[in-house]
Amino acid sequence: MTRYLITSALPYINGMKHLGNLVGSMLPADVYARFLRLEGEEVLYICATDEHGTPAEIAALEEGLDVKTYCDIQHQRQKDVYMRFGLSFDYFGRSSSPQNHELTQHFYRMLNKNSFIEERGIQQIYSLDDERFLPDRYVIGTCPKCGYDRARGDQCESCASLLNPSELVEPRSAVSGSRNLELRTSKHLFLRLDTLSSEIEAWVKSNTQWPKLTYSVAMKWLNEGLQPRCITRDLSWGVPVPREGYENKVFYVWFDAPIEYVGATKEWSDQDPSNRDWKSWWYDADDVYYAQFMAKDNLPFHTIVWPATILGTREPWTMADYIKGFNWLTYYGGKFSTSQGRGVFMDDALEILPPDYWRYFLISVAPESDDSDFTWDLFASVVNKDLAGTLGNFVNRTLKLVASRFGTGIPDGGQWGEHEDKLLAQCKDSIEEYRTALRNFEFRKAALALKKLWTHGNVYIDARAPWNLLKEDRDEAALVLRTCINLVRTYAIASSPLIPFTSEALFDVLGMTEEERKAGLDDALDLTALKAGRPFEVPPILFRRLDLEEVDAYRKRFAGTQD
RNA sequence: GGCGGCGUAGCUCAGAUGGUUAGAGCAUACGGUUCAUACCCGUAGAGUCACUGGUUCGAAUCCAGUCGCCGCUACCA
């Protein structure tokens with residue numbers, strides 16, 4: 001039987017991630033993983049923090065911490081917020097782990113053995129006061145073309161000219177401001193993407209089922225022609241390069257980051273070696289279907305560089321079967337911005353509302369085929385209409401009516417009839433639509449199908465009007481309400497990939513056993529599963545509504561500073 | 001500068017290989033209901049598919065140009 005391996009792009013260690021990061025990789029991967037588990041599939045969902053590189057070193061420096069400690073803190077902070085969002089990683093690792101170091105060096109050795117590594121000398125700016133090499137963007141100075149005095153060494157943000165750091169007038173270190181810089185030449189290793197190009201292209205072209213975005217990004221790179229790519233850096237924080245003369249260098253983060261997908265799986269495996277086998281997922285694993293999730297900026301690395309790394313080893317490592325790329329979630333038409341504090345970050349979001357509000361909303365507006373835009377008005381309208389109005393209200397009106405007329409036990413009496421047949425048929429259609437959408441990685445469509453499923457309950461209860469039936473035919477009213485309570489169970493099961501916390505709350509309300517909670521999508525369609533006489537509880541309001549005043553306050557609070 | 005993407009109802013977005021009256025949700029209007037979180041259900045109106053020209057029997061869908069928005073530019077990740 002097929003086993004499903006799922007990874008979402010590794011969030012960089014540096015700082016809290018925002019809703020755009022979440023919806024572009026981890027959240028849809030989680031929904032997909034939860035959905036497959038609901039279908040009874042064997043799933044391994046792996047993610048990790050991407051910890052190496054200059055930004056981490058500099059952030060640590062700014063906080064007066066050594067980089068290891070800085071990463072320890074940030075990793076815990078990120079992991080914590082992901083757990084609170086209900087991201088159901090089977091393991092959330094760290095690219096700085098010994099497992100990743102070992103694997104990264106292995107990949108390098110194989111590439112080197114197969115002659116896909118080339119050594120070249122390159123020139124870089126060295127800051128004597130900082131005692132480090134500076135990446136181009138960490139050198140700032142006056143632009144030779146427009147005179148802007150804070151141009152970066154890779155590009156002037158004012159006139160958009162592409163620059164070399166050596167072209168800057170009065171260059172200085174972005175780290176310390178020191179002008180004590182010099183150009184030094186050092187040797188570096190390059191991955192021969194050029195010689196692997198035709199193999200990569202053949203692989204890309206064999207994946208015809210990829211989304212348009214993924215495929216076109218890959219082909220764009222291939223058509224432009226691949227160049228050898230530098231995979232080492234003059235840093236100390238990273239994976240050491242096992243080669244003479246490279247004692248003071250490490251691998252470039254982009255080389256070791258994808259390898260951490262494997263590394264994190266080994267971290268997971270090493271915690272319980274007798275029951276977990278990382279290699280069965282990653283090496284010679286014919287029965288594994290591997291799906292990757294990421295935002296579009298990551299696509300070149302996952303369609304070109306990482307596959308090239310694998311192909312170059314000449315070993316049978318698992319390559320992606322499906323690469324789901326997302327566009328951007330914008331914030332009022334612009335970018336979420338950490339530096340300007342613009343947009344909603346994950347910790348802020350949870351401070352305002354529980355995770356399911358965000359999870360449902362984000363999936364329903366996932367930027368799948370185009371960028372999509374976050375506004376508080378849109379958020380409030382989705383929450384109020386779908387979660388509070390359609391789902392929450394159905395649960396509330398049903399359980400309250402039963403409790404007040406029959407007490408808090410599922411009522412007995414009445415005969416299943418044509419109305420119920422019709423309801424069941426509608427639910428079946430919607431669940432099929434939902435299942436198909438998720439199997440095809442169509443998240444917006446899945447959210448819409450789920451919402452449609454929720455609507456059937458309100459249509460049914462309105463058509464049957466049990467509040468009227470109660471006056472004439474108490475048994476018939478009991479049937480209708482018993483069916484509605486079963487529908488709550490249906491919703492709890494089917495909705496769990498998107499709103500897992502709400503599903504659990506509903507299971508609690510219905511007093512379901514651990515065994516009963518394991519029901520899958522097909523079991524969810526049994527509208528007589530909960531028999532008469534079972535007790536239930538009337539829960540507090542499931543989802544609260546957001547009013548204009550509150551929405552207004554959030555818009556102001558998260559607008560950020562203007563330029 | 002180069003490259004790429006986008007511009008479809010008031011809003012957010014769908015619309016392979018071009019083919020009947022261009023779709024969904026929200027919002028709006030009207031009607032129904034009163035068990036429920038002033039909620040729910042139904043019906044309706046609403047678009048010269050950015051603009052111009054071209055290819056074609058036929059284009060939102062292909063081509064060229066114009067305008068507008070956005071992103072990337074491989075040593076930030």
Side-chain angles (χ1 to χ4, degrees), chain A residues 9-14 50 52-56 58 122-125 133-139 145 152-155 159-162 164-165 188 193 212-213 216-217 220-221 223-224 226-227 229-230 232-234 252-254 257 296-298 300-301 304-305 327-328 330 333-335 364-375 377-382 384-390 392-405 442 444-445 447-448 451-452 455 457-470 477 480-481 484 540-545:
Chain A
L10 307 188
Y12 195 67
I13 191 69
N14 201 352
D50 175 16
H52 295 136
T54 312
I58 287 174
I122 61 171
Q123 292 192 320
Q124 268 185 296
I125 301 285
F133 282 94
L134 298 173
D136 291 358
R137 62 153 22 201
Y138 284 103
V139 182
K145 300 187 176 152
R152 296 191 326 219
D154 52 349
Q155 178 172 29
C159 72
S161 309
L162 287 183
N164 282 317
H188 281 278
L193 294 181
K212 229 166 60 178
L213 179 68
S216 62
V217 167
K220 181 196 156 201
W221 274 60
N223 290 336
E224 284 177 1
L226 301 180
Q227 306 298 319
R229 189 180 170 84
C230 186
T232 51
R233 290 292 184 276
D234 290 287
Y252 178 37
V253 277
W254 259 114
K296 58 185 170 188
D297 57 331
N298 270 314
F301 299 98
I304 305 291
V305 185
N327 285 287
W328 306 119
T330 55
K335 278 173 80 169
S364 74
V365 301
E368 292 184 281
S369 51
D370 195 0
D371 292 353
S372 69
D373 196 32
F374 179 96
T375 64
D377 286 329
L378 184 65
F379 176 66
S381 107
V382 170
N384 291 350
K385 182 73 188 169
D386 297 0
L387 293 178
T390 307
N393 184 50
F394 176 74
V395 172
N396 189 243
R397 70 196 295 203
T398 298
L399 299 181
K400 268 195 177 159
L401 183 59
V402 180
S404 72
R405 305 303 177 84
E442 297 173 303
R444 285 178 92 117
K445 209 183 260 186
L448 192 63
K451 189 204 150 164
K452 212 188 273 177
T455 302
N458 284 311
V459 173
Y460 173 75
I461 201 171
D462 277 353
R464 299 288 262 143
W467 46 91
N468 291 333
L469 286 174
L470 272 164
V480 170
L481 290 169
C484 286
I541 294 300
L542 236 40
F543 298 101
R544 71 177 184 85
R545 313 175 72 81

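FYI, side chains are in, hydrogens and waters are out, and symmetry mates aren't considered; it's all heavy atoms of this structure. Convention: sequence-line order gives letters A, B, ...; per-chain numbering from 1.
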Pairwise [atom1] distance, [M] and [N] [rounded to whole Å]:
| N | M | atom1 | value |
| --- | --- | --- | --- |
| B/rG5 | B/rC63 | P | 10 Å |
| B/rC41 | B/rC26 | P | 9 Å |
| B/rG58 | B/rC11 | C1' | 33 Å |
| B/rU61 | B/rG15 | C1' | 9 Å |
| B/rU21 | B/rA60 | C1' | 16 Å |
| B/rA16 | B/rG10 | C1' | 30 Å |
| B/rA24 | B/rG19 | C1' | 22 Å |
| B/rU73 | B/rC57 | P | 45 Å |

Does A/Phe133 have any ring pair (Phe, Tyr, Trp, His ring centres under 6.0 Å) partners at least two apart in sequence or in another chain, and if so, which?
->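 Once residues adjacent in sequence are excluded, the partners of A/Phe133 under the ring pair (Phe, Tyr, Trp, His ring centres under 6.0 Å) criterion are A/Tyr126.
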A/Tyr460: what forms a ring pair (Phe, Tyr, Trp, His ring centres under 6.0 Å) with it, not counting sequence neighbours?
-> none
Do any side-chain nitrogens or oxygens of [X] fall under 4.0 Å of OP1 or OP2 in [N]?
| X | N | value |
| --- | --- | --- |
| A/Lys335 | B/rC72 | yes |
| A/Lys400 | B/rU37 | yes |
| A/Arg545 | B/rC39 | yes |
| A/Tyr460 | B/rC41 | no |

Could you tell me the separation between the [atom1] atom of [X] and the [atom2] atom of [N], rounded to a whole number of Å?
| X | N | atom1 | atom2 | value |
| --- | --- | --- | --- | --- |
| A/Asn14 | B/rA77 | CG | P | 11 Å |
| A/Asn396 | B/rU34 | CG | P | 18 Å |
| A/Phe543 | B/rA36 | CZ | P | 20 Å |
| A/Phe394 | B/rC41 | CZ | P | 11 Å |
| A/Asp462 | B/rA36 | CG | C1' | 10 Å |
| A/Leu378 | B/rC11 | CG | P | 13 Å |
| A/His188 | B/rA74 | NE2 | C1' | 16 Å |
| A/Lys445 | B/rG25 | NZ | P | 14 Å |

Scan [X] against the nucleic acid and name what it touches under 4.0 Å (heavy atoms): base, sugar-phosphate only, or nothing.
| X | result |
| --- | --- |
| A/Val365 | nothing |
| A/Asn298 | nothing |
| A/Ser404 | nothing |
| A/Leu470 | nothing |
| A/Gln124 | base |
| A/Gly389 | sugar-phosphate |

Counting heavy atoms from C-beta on, name the nucleotide in [options] closest to the side chain of [X].
| X | options | value |
| --- | --- | --- |
| A/Tyr12 | B/rC13, B/rA77, B/rC41 | B/rA77 |
| A/Asp50 | B/rA77, B/rG71, B/rA74 | B/rA77 |
| A/Lys451 | B/rA77, B/rG25, B/rC40 | B/rG25 |
| A/Asp370 | B/rC6, B/rC75, B/rU37 | B/rC6 |
| A/Asp297 | B/rA77, B/rC41, B/rU12 | B/rA77 |
| A/Trp328 | B/rG71, B/rA36, B/rC13 | B/rG71 |
| A/Leu448 | B/rA77, B/rU12, B/rA24 | B/rA24 |
| A/Ser381 | B/rC40, B/rC26, B/rC13 | B/rC26 |
| A/Tyr252 | B/rC41, B/rU33, B/rA77 | B/rA77 |
| A/Val253 | B/rC13, B/rC39, B/rA77 | B/rA77 |

Where are the stems of RNA chain B, defined as at least 3 consecutive Watson-Crick or wobble G-U pairs with both distances under 3.5 Å?
->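 Expected stems, ordered by start: B:1-7 with B:67-73, B:10-13 with B:23-26, B:28-32 with B:40-44, B:50-54 with B:62-66.
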Would you mind telling me which of A/Leu399, A/Val402, A/Val395, A/Thr398 makes a side-chain contact (heavy atoms from CB on, under 4.5 Å) with A/Cys484?
-> A/Thr398
Counting only heavy atoms not in A/Lys296, do more than 12 sit closer than 6.0 Å to its NZ atom?
-> yes
Return yes if some donor-acceptor pair links the side-chain N/O of [X] with the main-chain N/O of [Y] below 3.5 Å, else return no.
| X | Y | answer |
| --- | --- | --- |
| A/Thr390 | A/Lys385 | yes |
| A/Asp371 | A/Trp328 | yes |
| A/Ser364 | A/Arg444 | no |

Closest to the 5' end of RNA chain B, once A/Asn384 and A/Gln227 are matched to their nearest nucleotides, is A/Asn384
When the nearest nucleotide of RNA chain B is assigned to A/Arg405 and to A/Ala257 on a heavy-atom basis, which residue is associated with the more 5' position?
-> A/Arg405
Check whether any side-chain heavy atom of A/Leu401 sits under 4.5 Å from a side-chain heavy atom of A/Trp467, and report yes or no.
-> yes
Residues in side chain to side chain contact (heavy atoms under 4.5 Å, CB included) with A/Tyr252, at least two apart?
->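 Partners of A/Tyr252 by the side chain to side chain contact (heavy atoms under 4.5 Å, CB included) criterion, ordered by chain and then number, come out as A/Arg229, A/Arg233, A/Trp254.
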Partners meeting side chain to side chain contact (heavy atoms under 4.5 Å, CB included) with A/Thr375 (sequence neighbours left out) = A/Tyr332, A/Asp373, A/Asp377, A/Leu378
Can you name the residues that form a side chain to side chain donor-acceptor pair (under 3.5 Å) with A/Asp462, not counting sequence neighbours?
->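 Once residues adjacent in sequence are excluded, the partners of A/Asp462 under the side chain to side chain donor-acceptor pair (under 3.5 Å) criterion are A/Arg397.
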